[in-house]
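Right, one structure below, let's go through it.
Within every chain, numbering begins at 1; the chains are lettered A, B, ... in the order of the sequence lines, protein sequences first and strands thereafter.
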Amino acid sequence: MKNHKTIVLSNQEISPGYYRMRILAPDYNKLARPGQFVMFRVQRSLPPLLRRPFGIFRVGFMPADCDTMPPKEFIEIIYKVVGSGTEIMQGLHYGDPVELLGPLGQGFEFGEADEEKILVGGGIGLVPLYMLAEKMIDHSKVRLLMGGRTRDDIITVTEFERLGVETYVSTEDGSLGEAGLVTQVLEKKLQENNQVSVYACGPMPMIEAVEKICSAHRTPLQVSLEALMACGVGACLGCVVKGAGHTQEQPSYLCTCKVGPVFHARQLAWGSDDDAAASDCGVCR
Amino acid sequence: MIKRRKKIIRPRLSVNIAGMELRNPVMPASGTFGYGEEYAPYLDLNSLGAIVTKGLSLHPKAGNRTPRICETVSGMLNAIGLQNVGVDVFIKHKMPFLEQFDTPVIVNFFGNTQDEYAAVAERLDAISGVRALEMNISCPNVKHGGIVFGTDPKAISSVVRQVRKKTSKPLIVKLTPNVTDIQVTAKAAEDAGADALSLINTLTGMSVDVKTRRPRLANTIGGLSGPAIRPIAVRLVHQVVQAVSIPVIGIGGITRAMDALEFLIVGAKAVQVGTANFVDPHAMATILNELEDFCLAEGIDDINDLIGSLEV
């Protein structure tokens, strides 16, 4: 965990509204584990005030600029332009100064070596699954079920295929792959074989649906969650999720940044939203 | 050959607040620094003037539903709901970590009744590693229709008096800016026995998602912090310094030494850095370096010469 004042190496639109940014990032090849994230800051700019959390898509090395220099280490993040922060990011180029705090959080656990793995990704939620696939593909059969609203939301699938991952694509409007929800594909796969481990990342409704299906099939599930966060280190308490057994009397709030962003499904409270903790005071920290 | 300049004498940054000698005037604001351990990997806690903990209550507190935070222009809104582990868990599990450092620990606390305030203060008073108490009075008094203690001079007087009886440690009262006349509330705290004041707590604010037409915080309203509130905070510190004779700690949107200096010049003896910690975990270290550089460049040997040096 370190804060690097570093630079952008490249920043390209890979699908309408989706960008892939490569950032110079010393030590990340050694340190970063699949599922971890960084807090990204556009330097010397206000707004945005706060950093943005981004899952690490992949790490790697680029050839050095000169033969006596060490190769350049980088990370790649993928983002969708959704607000003021990502709008600024969209305009960054090679050499632009940025800051990276990380790698942060707990990553995925890899599970049994010879058992089949199913990755479920919804839109931008696909990002943290790539490094995971890279790590697991040598020991296990890995399938990716990728869903999105339209074909524009289906990103980097060919890269998963190049790793040797068997990929299934579904879109809600049928513009690419099967028409329908990615969770319908998961249901089918688990009916065929439930002796697998599932790893999911995507919008919350998708994750909740995946959890329902996996718990019905008694299939182990790890999820990577997204949350609004200010600090990324467990101080602001903005990014909490309800832990298993959370009640009004015995509250259990887990920081997505510190305990997560990857959780075993059994660590979390699912389904009920009626136990919202009524606070006496919302105005103070 | 370049002539060697005479040896640089490092400026004196230490300040004294309510009998506490602090090595410098920079400390975190409560609620932005956890219990210290969250930032220890990034920042030498021994470099700070003091450590201020997250606010503690008598019993653990769950906090609010999410979303609890949102970004606004040059600031952020939060409605965390004072989630904390409670005073007993703090003493048992968080205090030992903080005691490893040679930095005064200021423990922030709050209550929803006068008796709760008094009970927490009494427990903390017994802990030798706690150097001072900071009392958050921006909480509703549930026994009196939920009116915020800190907005009513009578309630301030009463609760500060009761806490004062329970502790002989330096007592800092943290003021809310959401009042008509802060000089009145500041004076009420001073007269009731506060050894120092810290201000400002967050300003109440609200933001709306125009597409969903819902408030952007689950709690609807929240506390605004960050650079956006700094001019208001400087003004309020300036006014409080005129009204009281006890030391004042300035808080509000400090991200750089230049910001901290504004507060010191209007008369704050120290400053607290809040939201900036979220943005940059090294923020306080950077501020300290810049503060020293400023003093060197301006020929100031002792930071105390700057404090209250406002020319009007």
Notebook entry, point to check: Of the non-hydrogen atoms in A:A235 and B:G34, which two are nearest, and what is the gap between them?
Noted result: CB-N, 3.9 Å
Margin query: Please classify the contact of B:P60 with chain A as side chain, backbone, both or neither, using a heavy-atom distance under 4.5 Å.
Written below: neither
Margin query: Please classify the contact between A:L228 and chain B as side chain, backbone, both or neither, with a heavy-atom cut-off of under 4.5 Å.
Written below: both
Check: Side-chain contact, heavy-atom cut-off 4.5 Å: A:C236 with B:N78?
Finding: no
Next item on the list: Under 4.5 Å heavy-atom distance to chain A, tell me which part of B:V279 shows up: side chain, backbone, both or neither.
Entry: both
Notebook entry, point to check: So how far is it from B:I69 CD1 to A:C239 SG, rounded to the nearest 0.5 Å?
Noted result: 7.5 Å
Next item on the list: Can you measure from CG (A:L50) to SG (B:C70) and round to the nearest 0.5 angstrom?
Entry: 9.5 Å
Next item on the list: Might you point out which heavy atoms bring B:N64 and A:Y253 nearest each other, and give the distance in Å?
Entry: O-OH, 3.5 Å
Check: Salt bridge between A:R51 and B:E71, side-chain N to carboxylate O under 4.0 Å?
Finding: no
Check: More than 12 heavy atoms of other residues, nucleotides or ligands under 6.0 Å from CE of B:M258: is that the case?
Finding: no
Next item on the list: Identify which part of B:Y35 has an atom lying under 4.5 Å from any heavy atom of chain A, answering side chain, backbone, both or neither.
Entry: neither
Margin query: Does any backbone or side-chain atom of B:H59 lie under 4.5 Å from a heavy atom of chain A? Answer side chain, backbone, both or neither.
Written below: neither
Margin query: Quick check on B:F33 against chain A: is it the side chain, the backbone, both or neither that has a heavy atom closer than 4.5 Å?
Written below: backbone
Item checked: Part of B:T66 within contact of chain A (heavy atom distance under 4.5 Å) -> side chain
Item checked: Atom of A:V240, atom of B:Q83 and distance for their closest heavy-atom approach -> CG1-OE1, 3.8 Å
Note to self: I'd like to check B:P281 versus A:L101 (side-chain heavy atoms, cut-off strictly below 4.5 Å). Are they in contact?
What the structure shows: yes
Note to self: Within this structure, what is the CG-CG distance for the pair A:L237 and B:N84, rounded to the nearest 0.5 Å?
What the structure shows: 9.5 Å
Check: Which atom pair, heavy atoms only, marks the closest approach of B:D280 to A:N3?
Finding: OD1-ND2, 4.1 Å
Margin query: Testing the basics here: between A:A230 and B:M76, what is the closest heavy-atom pair and its distance to 0.1 Å?
Written below: CB-CE, 3.9 Å
